[in-house]
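In what follows, a single structure is set out as structure tokens and then discussed.
Note on naming: letters A, B, ... go to the chains in the order of the sequence lines (proteins, then strands), and numbering restarts at 1 for each one.
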2 protein chains.
Amino acid sequence: MRRTILSYGIAMAALIGLLKFVEYKFLIRDIPLEFYIGLVAVMFTAIGIWAGLRLTRPKVIEITGPFEQNEAALKETGISKREYEVLELIAAGLSNQEIAGRLFVSNSTVKTHVSNVLAKLDASRRTEAIANAKKMRIIP
Amino acid sequence: MRRTILSYGIAMAALIGLLKFVEYKFLIRDIPLEFYIGLVAVMFTAIGIWAGLRLTRPKVIEITGPFEQNEAALKETGISKREYEVLELIAAGLSNQEIAGRLFVSNSTVKTHVSNVLAKLDASRRTEAIANAKKMRIIP
DNA sequence: GCGAAATTCATACTTTTGGCCGATGCGCGT
DNA sequence: ACGCGCATCGGCCAAAAGTATGAATTTCGC
């Protein structure tokens with residue numbers, strides 16, 4: 001962990017150096033500052049995403065055994081791709097509001113999806129949907 | 001997806017605007033450009049991490065084979081016998097009313113038990129309680 | 001390209017759930 | 001006897017979840 005942080009520090013330093021260089025180049029050619037700032041923003045956003053995923057990855061990979069999904073059963077329910085995403089998040093214990101935030105849609109949309117999932121899984125509560133989906137082997 | 005990208009675009013635009021403002025402030029006070037750039041970098045790294053985490057889907061851990069209950073974890077939660085029964089029925093997808101019928105108690109009692117279970121599992125929704133309990137291996 | 005399916009969103013309504021209070025009775029150990 | 005945890009119940013309120021309906025877009029298979 002200490003090593004990891006150190007690595008990131010060095011990488012950051014290197015990047016700052018690179019930026020200085022780019023900055024020099026750009027300023028020489030009289031390219032507007034806004035453009036340069038935008039470039040920096042995009043670069044570091046990308047770095048942030050990358051770093052974020054790197055640092056959190058070890059936590060999520062905890063698969064104990066092979067989960068074989070019953071594709072047939074899933075298809076039979078008629079659950080769409082988006083609806084399945086919602087179902088996964090429901091099973092993860094998220095609220096409609098949280099799901100909306102995660103999927104970048106409105107609360108209304110999530111409710112629609114949830115309602116569809118409930119109907120397709122023959123359930124009237126999300127907890128029942130989870131139980132049914134598990135029984136049918138369409139979610140781990 | 002298009003919407004997602006659009007959202008980011010708008011968010012970016014807004015942030016650039018904010019940056020312009022900050023920039024103005026800083027330049028007025030003759031603070032070096034490097035500092036400003038660094039600020040931008042840090043900000044957008046943070047944004048990137050946030051976005052990355054937001055986009056990461058929660059991986060559901062799976063339990064295969066014989067279920068061996070983590071007695072220690074269960075004891076640690078302080079969940080009582082009756083509360084555990086309720087928890088099992090929650091996980092089975094029953095409503096409070098149904099649980100009340102199954103355990104021959106009133107709806108109020110079930111609600112009390114549910115509330116206690118939620119508190120002891122550090123959850124605020126029954127679905128979250130299920131997910132947590134599964135992670136802690138106190139229910140199959 | 002056309003049409004069906006999928007995705008998105010809103011509004012209004014009912015039901016369920018959860019939080020917070022207090023209260024009673026019962027058994028158990030000191 | 002007293003305190004303590006557990007189980008039981010009720011009321012009230014707010015938030016979340018679910019239902020129904022309608023509609024605008026987008027996507028995708030043919």
Subject >> Candidates B:I90, B:N96, B:L103 - the one meeting side chain to side chain contact (heavy atoms under 4.5 Å, CB included) with B:V110 >> reply: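 One option only clears the test, and that one is B:N96.
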Subject >> Identified side chain to side chain contact (heavy atoms under 4.5 Å, CB included) partner of A:L118 from the options A:L121, A:N116, A:V114 >> reply: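 Filter result, single survivor: A:V114.
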**OP:** Count the heavy atoms belonging to other residues, nucleotides or ligands that lie under 6.0 Å from CD of B:E76, then report whether that count exceeds 12.
**Re:**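 Check fails, neighbour count at 12 or below.
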Original post:
Is there a side-chain polar atom (N or O) of A:R125 under 4.0 Å from OP1 or OP2 of C:dT16?
Top reply: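 Looking at the OP1 and OP2 atoms of C:dT16, neither is under 4.0 Å from any side-chain N or O of A:R125.
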Original post:
Can you tell which of C:dC9, C:dT17, D:dT8 lies closest to the side chain of A:V105?
Top reply: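 For the A:V105 side chain, the nearest candidate turns out to be C:dC9.
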**OP:** Kindly point out which of D:dA7, D:dG18, C:dT8 is positioned nearest to the side chain of B:S80?
**Re:**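 So the nucleotide nearest the side chain must be D:dA7.
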Original post:
Given axes from five pairs at either end, by how many degrees does the helix from C:dG1-D:dC30 to C:dT30-D:dA1 bend, rounded to 10°?
Top reply: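 The value is 60°.
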Could you state the [atom1]-[atom2] distance from [X] to [N], rounded to the nearest angstrom?
X      : N      : atom1 : atom2 : answer
A:N107 : C:dT11 : CG    : P     : 12 Å
A:I130 : D:dA17 : CD1   : P     : 11 Å
A:E128 : C:dT16 : CD    : C1'   : 13 Å
B:K81  : D:dT8  : NZ    : P     : 12 Å
A:I79  : C:dT7  : CD1   : C1'   : 16 Å
B:E85  : D:dT8  : CD    : C1'   : 14 Å
B:Q97  : C:dT15 : CD    : C1'   : 11 Å
A:F104 : C:dT7  : CZ    : C1'   : 17 Å

How close do [X] and [Y] get, counting heavy atoms only, and between which atoms?
X      : Y      : value
B:A131 : A:A92  : CB-O, 3.7 Å
B:D122 : B:E128 : O-OE2, 4.1 Å
A:A91  : A:I130 : CA-CD1, 3.8 Å
A:A129 : A:A123 : N-CB, 3.6 Å
A:Y84  : A:I138 : OH-O, 2.8 Å
A:T127 : B:L94  : OG1-O, 4.3 Å

**OP:** Taking side chain to side chain donor-acceptor pair (under 3.5 Å) as the test, write out the residues that go with B:E85, two or more places apart.
**Re:**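 Only B:R82 meet the side chain to side chain donor-acceptor pair (under 3.5 Å) criterion with B:E85.
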**OP:** Go through A:M136 and A:T77 one step at a time and tell me if the side chain to side chain contact (heavy atoms under 4.5 Å, CB included) criterion holds.
**Re:** CA-CA 10 Å; A:M136 298 162 98; A:T77 60; 3.8 Å; yes
Subject >> Atom pair CG (A:L74) and NZ (A:K120), whose distance is rounded to the nearest 0.5 Å >> reply: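 So the gap between those two atoms works out to 10.0 Å.
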Got a list of protein N/O to nucleotides 26-28 of chain C N/O distances below 3.5 Å?
none

Subject >> Of residues 108-124 of chain A, the positions that come close to DNA chain D - non-hydrogen atoms, cut-off under 4.0 Å >> reply: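 Heavy-atom contacts with DNA chain D come from A:K111, A:V114, A:S115, A:L118, A:S124.
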Original post:
What parts of residues 86-96 of chain B reach DNA chain C, counting only heavy atoms under 4.0 Å away?
Top reply: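 Within residues 86-96 of chain B, the residues near DNA chain C are B:S95, B:N96.
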Original post:
Looking only at side chains, do B:T112 and B:S115 share a donor and an acceptor under 3.5 Å apart?
Top reply: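 Side-chain D/A pair, B:T112 to B:S115: absent.
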Subject >> Summary of salt bridge (charged side-chain N to carboxylate O under 4.0 Å, His left out) pairs that have at least one residue in residues 98-118 of chain B, sequence neighbours excluded >> reply: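 Pairs touching residues 98-118 of chain B that pass the test: A:R125-B:E98.
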